[in-house]
Amino acid sequence: MESTLVTQGLDLMLYGMGTVFAFLTLLVGITTLMSLVVNKLVVETELAPAAPVLTSTPQAVEPRIAKVIQAAIDQHRK
Amino acid sequence: MESTLVTQGLDLMLYGMGTVFAFLTLLVGITTLMSLVVNKLVVETELAPAAPVLTSTPQAVEPRIAKVIQAAIDQHRK
Amino acid sequence: MESTLVTQGLDLMLYGMGTVFAFLTLLVGITTLMSLVVNKLVVETELAPAAPVLTSTPQAVEPRIAKVIQAAIDQHRK
Amino acid sequence: MENLISLWASSGLAQMQLGQMIMMTVGLVLLFLAISKGFEPLLLVPIGFGTILVNIPGAGFEAAPIYDAMGHMESPGGLLYYIYHAGIETGLFPLIIFMGVGSMTDFGPLLANPKTLLLGAAAQVGIFTTVIGAVALGHFGILDFTIREAASIGIIGGADGPTAIFVTSKLAPDLLGAIAVAAYSYMALVPIIQPPIMRALTTPAEREIKMEQLRPVTKAERIVFPLALLVLVAFLLPDAAPLLGMFCFGNLMRECGVVNRLSDTTQNALINIVTIFLGLGVGSKMSAEKFLNPETMGILALGAVAFCIGTASGVLMAKLMNTMAKHKVNPLIGAAGVSAVPMAARVANKVGLDANPQNFLLMHAMGPNVAGVIGSAVAAGVMINLVSGM
Amino acid sequence: MENLISLWASSGLAQMQLGQMIMMTVGLVLLFLAISKGFEPLLLVPIGFGTILVNIPGAGFEAAPIYDAMGHMESPGGLLYYIYHAGIETGLFPLIIFMGVGSMTDFGPLLANPKTLLLGAAAQVGIFTTVIGAVALGHFGILDFTIREAASIGIIGGADGPTAIFVTSKLAPDLLGAIAVAAYSYMALVPIIQPPIMRALTTPAEREIKMEQLRPVTKAERIVFPLALLVLVAFLLPDAAPLLGMFCFGNLMRECGVVNRLSDTTQNALINIVTIFLGLGVGSKMSAEKFLNPETMGILALGAVAFCIGTASGVLMAKLMNTMAKHKVNPLIGAAGVSAVPMAARVANKVGLDANPQNFLLMHAMGPNVAGVIGSAVAAGVMINLVSGM
Amino acid sequence: MENLISLWASSGLAQMQLGQMIMMTVGLVLLFLAISKGFEPLLLVPIGFGTILVNIPGAGFEAAPIYDAMGHMESPGGLLYYIYHAGIETGLFPLIIFMGVGSMTDFGPLLANPKTLLLGAAAQVGIFTTVIGAVALGHFGILDFTIREAASIGIIGGADGPTAIFVTSKLAPDLLGAIAVAAYSYMALVPIIQPPIMRALTTPAEREIKMEQLRPVTKAERIVFPLALLVLVAFLLPDAAPLLGMFCFGNLMRECGVVNRLSDTTQNALINIVTIFLGLGVGSKMSAEKFLNPETMGILALGAVAFCIGTASGVLMAKLMNTMAKHKVNPLIGAAGVSAVPMAARVANKVGLDANPQNFLLMHAMGPNVAGVIGSAVAAGVMINLVSGM
Ligand code: NA
Ligand code: NA
Ligand code: NA
């Protein structure tokens with residue numbers, strides 16, 4: 001019957017907007033909580049300053065580009 | 001029969017070169033005409049100076065590279 | 001029988017390490033020889049100094065980048 | 001002589017149909033809008049060009065390959081055939097684009113003011129209202145949309161190109177051309193569509209509200225946020241996981257600071273390559289029989305409505321929040337909740353400056369702006385789930 | 001002991017056949033020419049390396065994957081198998097390369113002097129004369145070429161690598177190795193092949209002709225030209241649309257100024273990636289049985305002839321044009337009509353400077369040079385159309 | 001109501017199994033190690049993220065596509081399904097990575113002192129000893145490994161990620177997740193695992209041995225070396241040709257100096273793109289049923305043993321060489337023979353500086369370091385050959 005399509009549309013609206021709002025409202029809470037916890041934890045432990053991060057595999061990480069960028073940075077600092 | 005191959009080759013030559021010359025000769029005309037029309041139109045309307053062209057989606061369009069290039073340009077201008 | 005697996009493992013070890021050592025030992029010899037021959041040949045003929053190497057197809061090889069790099073190099077030389 | 005006939009028979013002039021000529025003109029118009037008017041050129045240039053290519057009669061850009069009984073190829077497929085089936089039908093291209101967008105997204109403003117997520121939620125009202133609209137057009141016999149098509153049309157209101165393409169390629173691939181063109185065109189029209197609505201729904205005093213400066217956000221928060229979002233999605237809404245998962249992956253690569261090589265490539269070479277092919281592939285769905293029909297007019301009309309309702313909902317939600325919260329938000333930033341990053345945020349900023357030349361809203365508007373991306377990805381997940389079961 | 005036998009039996013020495021050894025030597029020679037002599041290294045390094053790889057006995061670089069009855073993979077295919085079937089058999093790689101070449105091409109000189117298009121047309125005489133040559137070799141029973149093979153050989157005279165690969169992979173895939181190697185080798189030899197012909201057909205006075213400076217070309221012309229060319233192709237010659245369509249797409253991205261991100265990637269990362277795989281994939285057709293036969297010698301000989309005739313036709317066409325036109329062209333730039341961009345234009349410039357050290361022809365030669373690309377793509381389209389119907 | 005049930009039924013919470021939760025935690029731990037501890041982040045960030053994605057219930061990241069009887073797609077596959085089957089099952093991704101690694105490798109130190117190749121050979125003892133260990137665990141009924149699985153576990157000792165992935169995807173794809181994680185984790189732990197072993201097996205005097213400065217290496221040597229290696233592989237060990245062939249190809253592009261465009265792209269955009277997808281694809285094998293079992297603990301334990309034995313073998317080989325040679329080598333550089341480029345070489349340098357602050361071993365250790373890559377690729381070739389015939 002014709003009305004099924006309308007019903008489906010209304011269902012979609014109802015459950016769809018419901019889910020979107022529920023999810024994002026929950027995310028507001030989770031994000032706020034996360035920021036609190038993370039900032040407390042990290043200030044305390046200083047996040048194991050990420051080690052000297054031996055940057056692994058590729059030794060020759062584009063030294064040419066590095067030079068270019070270095071030059072540009074030098075330039076900016078002048 | 002053997003001669004079919006030769007015939008095919010000659011056909012290919014005839015229609016092939018014919019098409020190439022016809023097409024490129026036509027393109028000479030079209031291009032000349034296009035340049036005339038376009039340059040007349042654009043001078044007159046100044047081609048809606050392309051708007052402030054809000055450059056869309058990616059906000060962070062490689063600012064690092066932008067900096068490098070800026071530095072290089074500054075350098076060149078000195 | 002159970003022991004087949006062990007036998008297979010031992011075979012793998014025996015032939016595997018044998019091949020690795022044989023191959024790399026041979027490579028030591030080949031490499032040493034190669035260096036001798038190549039360095040002798042190249043000093044003599046100077047390796048046809050690679051021609052002016054007309055760098056082929058793309059005429060517009062990223063002049064923008066080239067400029068950036070040039071700028072950076074200039075910068076470094078100062 | 002036979003050859004001459006063969007050449008003529010295979011020429012475009014002999015085979016061209018009116019529909020193809022019109023579609024080639026549509027392609028040229030898209031290119032004109034993109035190049036001369038700055039309408040989302042990164043997508044509309046490839047889409048417009050793809051539209052022309054696919055409508056060249058006899059060029060075979062979307063021809064399927066032909067294999068003989070032994071499985072050997074007798075004749076290869078066309079370029080757009082391969083692009084569409086490998087990258088769009090499978091959903092790979094929109095997902096890779098989403099990864100790239102994630103690696104370009106700065107969640108800082110959102111983290112500094114998480115409640116702007118609600119603005120991103122509110123703006124999705126446009127999506128679902130439009131679904132109702134499409135369904136109503138069907139109910140009254142004006143146009144004939146299935147629920148799958150109605151859902152795909154609604155997603156135009158999400159103002160997010162890859163999301164729209166991802167959903168439509170799953171639910172209603174025949175509408176892909178029209179929906180993608182509508183989505184990107186309206187995103188480009190945000191500076192024209194939104195300001196009147198924003199002004200109509202706000203008082204000058206509201207538009208002048210100054211928001212307090214955003215707190216600085218730590219690196220650790222930035223790293224943990226995409227993971228927290230991912231876990232939440234995993235637990236509650238797996239249907240949104242493909243889009244949001246790749247988005248979070250891109251963002252984590254950006255923020256974690258240890259894979260800058262990968263993040264750079266994701267933001268540049270990779271997203272550029274995929275953008276070119278995504279656009280061409282979308283263009284391959286712009287054939288006359290799929291585009292030149294009354295439904296396309298309906299889609300364009302409904303899409304515009306979706307944008308307007310989304311904008312209004314965002315603004316009204318901000319006003320609602322102000323009735324309850326201590327720290328007022330400027331309701332203009334609600335309009336940025338539709339996504340259309342970063343255009344909608346810039347529009348909010350500009351309308352704010354018109355009201356008060358000292359009132360810089362850009363960073364405040366970036367929060368709802370990226371929230372809108374999350375919001376429409378969530379909406380996409382819900383719709384795919386619900387519609388598939390209907 | 002069995003294992004030792006297995007290891008020996010699987011070693012290269014036990015399996016190597018003479019043909020494979022010769023082909024590996026051919027690969028090394030190609031690498032030598034590319035690296036030490038500067039012969040089109042961007043293509044010949046990957047082709048040469050691919051030649052070696054595919055001739056390693058037992059390495060399985062072009063092995064097909066094996067599936068069991070359920071469709072699960074029992075053993076994967078070789079790298080070159082996948083590259084060839086995904087990128088070359090389908091025509092995708094040459095088309096993507098053509099897009100990249102388009103985005104590197106400056107049509108300015110051509111737009112400033114459109115009649116140089118005729119020089120690009122004339123140089124294609126080399127293509128079709130060579131077809132006749134190949135057919136004649138067949139007629140007299142010297143070699144055995146079909147019309148499809150003859151057409152593929154002729155296209156070497158187009159002096160355009162991706163066009164040659166595109167045509168050959170459609171018409172005569174078994175000759176792909178030989179034809180690609182011939183095409184790129186002769187393109188590299190342009191500075192040696194062309195000057196004697198150019199000098200023989202021109203008088204010193206002709207070589208000294210100074211051409212008037214090219215007028216400046218506006219941005220609008222540059223944007224509209226690829227679209228005009230595309231529309232003309234669409235109406236008249238859809239068979240050339242794949243190649244010229246992608247070429248125009250690349251050029252439009254370059255000139256339109258609003259998608260520089262995409263244009264940069266097309267000119268760099270994308271074309272480089274595809275070039276590597278295109279070269280390896282062409283190398284995969286360099287097996288002994290396909291390359292070491294009299295036909296290859298015939299192909300090399302005919303290819304050289306094609307280049308010479310193309311060069312001569314371009315020069316003679318320029319002289320013919322001078323008999324009719326008011327503004328004389330220097331006939332040397334006719335030789336650039338074979339394409340081989342930008343080598344042939346540089347050669348024209350150099351021979352011109354030899355005649356008169358003040359006579360800079362480079363920009364004037366770029367017009368016929370890029371016209372030659374269009375010309376051979378048109379020729380390719382015609383040949384695919386006609387030959388498929390024969 | 002039905003819709004609410006459908007939404008709930010499709011939510012993660014309703015479908016989540018304990019194993020999936022544990023695996024998501026494993027993914028988070030891998031991300032923590034990569035981001036906060038710097039464990040091989042280029043691979044472990046994508047692997048860790050892929051682990052989370054594939055364990056989201058209902059998200060379908062590794063779902064196979066479904067086709068109807070006519071061959072039309074009814075529902076597309078998941079992203080990780082396509083990545084795994086296109087790039088890992090076929091072996092393409094490890095091979096492309098190897099090409100990239102080749103184009104980043106400087107063979108100069110190895111060419112200046114070729115006998116350090118023997119150190120790279122010795123360190124592969126770890127691989128084969130570990131195979132025996134895995135077999136023994138099976139023999140005593142502690143764990144149940146086939147010879148194919150034992151060989152794949154052994155390759156962890158090669159300390160080379162792409163080699164391990166290539167071998168495992170051919171011989172024991174179900175162990176791919178565990179083996180790749182073990183391989184990259186131990187490579188990251190090289191600075192912790194190796195020094196105690198190095199100190200235990202050397203005297204302070206040995207650690208202070210100063211090596212003579214390396215001779216300069218000419219450009220010609222650098223160009224010819226990858227070709228010489230390739231020819232040797234072709235004649236003696238075709239089974240190692242896929243890995244070493246691509247490695248040599250990358251290196252030749254780097255050194256030949258005429259295809260810098262291609263070499264740059266190989267080292268940057270291409271390897272980065274493939275690294276992202278390789279990591280995600282490996283993560284797709286990190287499902288609970290494949291990872292959470294006693295065998296994984298066995299793999300981790302055996303992998304650690306393999307690293308230790310490899311390190312010790314390298315050091316002892318260096319000491320053995322010193323009993324015979326005139327020019328002494330510092331035995332610390334033997335430890336670099338496991339590969340794990342360039343970490344192991346840096347560790348050798350650091351331990352050397354601890355013994356004598358003037359003794360710079362870095363360049364000397366790079367020789368055995370890259371020799372270790374060759375050594376484990378050779379070992380991989382032998383194992384694939386022998387095991388396939390067992
Ligand atoms: Na949105
Ligand atoms: Na040509
Ligand atoms: Na190793």
Side-chain angles (χ1 to χ4, degrees), chain B residues 1-66 68-70 73, chain E residues 107 110-112 114-125 127-129 131-136 138-139 141 145-147 150-151 154 215 217-225 227-229 231-233 236-237 240 257-258 260-261 371 374-376 378-379 381-383 385-387 390:
Chain B
M1 54 198 172
E2 260 297 296
S3 69
T4 313
L5 188 64
V6 175
T7 317
Q8 287 175 332
L10 289 171
D11 274 3
L12 211 51
M13 170 128 206
L14 187 65
Y15 294 105
M17 271 321 292
T19 307
V20 170
F21 262 108
F23 186 88
L24 291 190
T25 308
L26 191 57
L27 189 57
V28 172
I30 299 267
T31 304
T32 311
L33 193 70
M34 180 278 288
S35 284
L36 275 175
V37 173
V38 165
N39 287 332
K40 179 150 287 179
L41 278 181
V42 173
V43 170
E44 281 167 15
T45 69
E46 278 230 280
L47 189 80
V53 185
L54 293 158
T55 25
S56 84
T57 332
Q59 73 271 36
V61 194
E62 28 189 336
R64 199 176 53 95
I65 294 293
V68 172
I69 291 163
Q70 190 51 47
I73 292 167
Chain E
F107 277 123
L110 183 66
L111 287 166
K115 73 182 172 188
T116 56
L117 277 162
L118 297 179
L119 302 174
Q124 311 314 317
V125 169
I127 292 179
F128 295 100
T129 319
V131 175
I132 300 290
V135 157
H139 183 68
F145 293 123
T146 66
I147 189 71
R215 70 169 176 88
V217 174
T218 65
K219 182 158 181 274
E221 284 174 273
R222 292 171 184 272
I223 295 175
V224 175
F225 177 72
L227 292 171
L229 174 54
V231 169
L232 200 64
V233 167
L236 296 182
L237 209 63
V258 290
N260 290 339
R261 288 176 67 94
I374 299 174
S376 41
V378 169
V382 180
M383 293 226 288
N385 176 319
L386 289 177
V387 166
M390 277 174 177

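Every chain is numbered from 1, with letters handed out A, B, ... down the list of sequences.
- The distance from the CG atom of E:Leu386 to the CE atom of B:Met13 is 13.5 Å, given to the nearest 0.5 Å.
- Between B:Leu12 and E:Ala151, the closest heavy-atom pair is CD2-CB, 4.1 Å.
- Heavy atoms closer than 4.5 Å to chain B are found nowhere in E:Ala150, neither backbone nor side chain.
- Within the 4.5 angstrom heavy-atom criterion, no atom of E:Ala240 approaches chain B.
- Nearest heavy-atom pair across E:Arg215 and B:Ser35 is NH2-OG, 3.5 Å.
- In this structure E:Thr146 satisfies the side chain to side chain donor-acceptor pair (under 3.5 Å) test with no other residue, sequence neighbours excluded.
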Run the numbers on B:Asn39 and E:Glu221 for side-chain contact (heavy atoms from CB on, under 4.5 Å), then give the verdict.
-> CA-CA 7 Å; B:Asn39 287 332; E:Glu221 284 174 273; 3.0 Å; yes
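- Taking every heavy atom of both residues into account, E:Leu232 and B:Ile30 meet most closely at CD1-CD1, 4.0 Å.
- Only the side chain of B:Met34 comes within contact range of chain E, with at least one heavy atom under 4.5 Å from a heavy atom of that chain.
- Taking OG1 of B:Thr25 as the reference point, atom NZ of E:Lys115 lies at 13.5 Å (rounded to 0.5 Å).
- In this structure, the portions of E:Val125 lying under 4.5 Å from any heavy atom of chain B include both its backbone and its side chain.
- When all heavy atoms of E:Phe128 and B:Val20 are compared, the pair lying nearest together is CE1-CG2, 4.1 Å.
- For E:Phe225, the ring-ring contact (aromatic ring centres under 6.0 Å, His included) partners are E:Phe107, not counting sequence neighbours.
- Ranked by heavy-atom pairs under 4.5 Å with chain E, the first of B:Thr32, B:Thr31, B:Leu10, B:Val28 is B:Val28.
- Residues E:Leu237 and B:Thr19 form a side-chain contact, since some pair of their non-hydrogen atoms from C-beta on lies under 4.5 Å apart.
- Note on E:Leu118, E:Thr116, E:Val131: by heavy-atom pairs under 4.5 Å with chain B, the leading option is E:Leu118.
- Most heavy-atom pairs under 4.5 Å with chain B: of the set E:Pro114, E:Gly133, E:Gly120, E:Gly154, this distinction falls to E:Pro114.
- The nearest pair of heavy atoms linking E:Ile147 to B:Gly9 is CD1-N, 3.7 Å.
- Atom CG of E:Leu117 is separated from atom CZ of B:Phe23 by 9.5 Å, given to the nearest 0.5 angstrom.
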